[in-house]
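Below is one structure; the comments refer to it alone.
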Amino acid sequence: MMDFFAPTIQADVLQSPDLRVVPILGDRMTPTLKGDRDYALMRPVSTYRGEGIYCVSDGIGFDFFRVEATMDGKRGLRLFGDNEMYADRFYTIEEFDCCVLGIVVVDLKVRNERLLAAA
């Protein structure tokens, strides 16, 4: 019989110095990632690594954005959230590389806050 709770990912991978669990703050990525509730398993990076969800410094704190190439011939990037209340941002790759903190590897959606708090 299969052990349902047997680890499928080695524990040392989740404790790697290359990965960080970071709380989602704010509502820019709502409804995909809810601020003050969900988390991201993030790999620190200092350069654009292709399309994905990135954590970016704004000089005061940090926020999460989807990032995609604009294909405008100017090496531009479009940063946007899933919450349509926020306007898109446009950076050159060089500007982006100066403020990127990490790329999301896994998003962790909390389903039961009570059980998480009791763990």
- prompt: Hey, what do you get for CZ (Arg28) to CD (Glu84), rounding to the nearest 0.5 Å?
  reply: 13.5 Å
- request: Output the distance between atom CD1 (Ile53) and atom CD1 (Ile24), rounded to the nearest 0.5 Å.
  value: 8.0 Å
task: Compute whether any side-chain donor of one residue and acceptor of the other, for Tyr91 and Asp97, lie under 3.5 angstrom apart.
output: no
message: Rounded at 0.5 Å granularity, tell me how far CZ in Arg20 sits from SG in Cys55.
response: 12.0 Å
message: If you apply the rule side-chain contact (heavy atoms from CB on, under 4.5 Å), what do you find for Thr32 with Arg66, and how did you get there?
response: CA-CA 11 Å; Thr32 305; Arg66 290 188 186 278; 3.7 Å; yes
- prompt: Are any non-hydrogen side-chain atoms of Tyr54 and Val45 less than 4.5 angstrom apart?
  reply: yes
statement: Between Arg78 and Thr70 the two heavy atoms that sit nearest each other are N-CG2, 3.6 Å
message: So, taking the atom named CE in Met29 and the one named CG in Asp82, what distance separates them when rounded to the nearest 0.5 Å?
response: 4.0 Å
query: Is atom NZ of Lys34 surrounded by more than 12 heavy atoms (other residues, nucleotides or ligands) closer than 6.0 Å?
result: no
field: Phe64 versus Ala40, closest heavy-atom pair with distance
entry: CE2-CB, 4.1 Å
task: Check whether any side-chain heavy atom of Val110 lies under 4.5 Å from a side-chain heavy atom of Tyr39, and answer yes or no.
output: yes
query: What's the shortest heavy-atom distance between Asn83 and Asp27, and which atoms?
result: ND2-O, 3.1 Å
- line: Closest heavy-atom pair, Asp63 versus Leu25, reported as atoms and distance to 0.1 Å, is OD1-O, 3.9 Å
query: Can you hop from Val106 to Met42 via hydrophobic side chains spaced under 4.5 Å?
result: no
query: Which pair of heavy atoms, one from Arg37 and one from Glu113, lies closest together, and at what distance?
result: NH1-OE2, 2.9 Å
- prompt: Between atom CD1 of Ile93 and atom CG of Leu77, what is the distance when rounded to the nearest 0.5 Å?
  reply: 5.0 Å
query: Once you round to the nearest 0.5 Å, how far does CG of Asp18 lie from CZ of Arg43?
result: 4.5 Å
Validation row: Leu41, Val104 side chains within 4.5 angstrom (heavy atoms): no
- request: Taking all heavy atoms of Val56 and all of Cys99, pick out the closest pair and write down the distance.
  value: CG1-SG, 3.4 Å
- prompt: Asp38 side chain to Leu33 main-chain N or O, any donor-acceptor pair under 3.5 Å?
  reply: no
